[in-house]
Amino acid sequence: RIMSSNDSAHQPLGERELAILRFEATWFTLDEDRHEAIRARFTCSVEEYNLEVNRVIDHPASMLEDPLVVRRLRRQRERRRRELIGGAAAGEQA
């Protein structure tokens, strides 16, 4: 069955999604390279991990789990998008 956005609001995060939020809250305290830690813990590429992070922070239940981390990640994503758009617009004018 196809889930509507209303259904997903009531779906809890899975173990992997929770692990991603916990990792994002603490990775900077680790004594290992972030990319190596991602590959070791989540057994995926950094690109795949980043796609997963975006899905997790868009999930309604993520705000209930760790609102500070989710808001920080959303701000960072928005800042990257603005920089990409600004850089593309500057490139078009050159």
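Keep in mind the model is a prediction, meaning the values are calculated, not measured.
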| message | What verdict does the side-chain contact (heavy atoms from CB on, under 4.5 Å) test give for Cys44 and Arg39, after you've listed the backbone C-alpha separation in whole Å, the side-chain angles of each residue and the deciding distance to 0.1 Å? | response | CA-CA 5 Å; Cys44 64; Arg39 284 188 284 274; over 6 Å; no

| field | Leu73 with Leu51, same ILVMFWY side-chain cluster at under 4.5 Å | value | no

| Does Arg34 come within less than 4.0 Å of Glu24, counting only side-chain N to carboxylate O? | yes

| query | Can you tell if the side chain of Ile38 reaches within under 4.5 Å of the side chain of Trp27, non-hydrogen atoms only? | reply | no

Would you mind writing out the side-chain donor-acceptor pairs for residues 61-69 within the sub-3.5 Å range, not counting sequence neighbours?
from: Ser62; atom 1: OG; to: Val56; atom 2: O; distance (Å): 3.2
from: Ser62; atom 1: OG; to: His59; atom 2: O; distance (Å): 2.7
from: Asp66; atom 1: OD1; to: Val69; atom 2: N; distance (Å): 3.4

| said: Would a single hydrophobic cluster contain both Ile57 and Phe28, if residues Ile, Leu, Val, Met, Phe, Trp and Tyr are joined by side-chain heavy-atom contacts under 4.5 Å? | reply: yes

| Glu17 bridged to Arg55 by N-O distance under 4.0 Å | no

| In terms of ring plane angle, is the pair Tyr49 and Phe42 parallel, tilted or perpendicular, where the classes change at 30° and 60°? | tilted

| query | Step by step, would you call Glu32 with Arg41 a salt bridge (charged side-chain N to carboxylate O under 4.0 Å, His left out)? | reply | CA-CA 12 Å; Glu32 59 186 311; Arg41 289 171 189 227; 3.5 Å; yes

| task | To the nearest 0.5 angstrom, please state how far the CD1 atom of Ile20 sits from the CZ atom of Arg16. | result | 5.5 Å

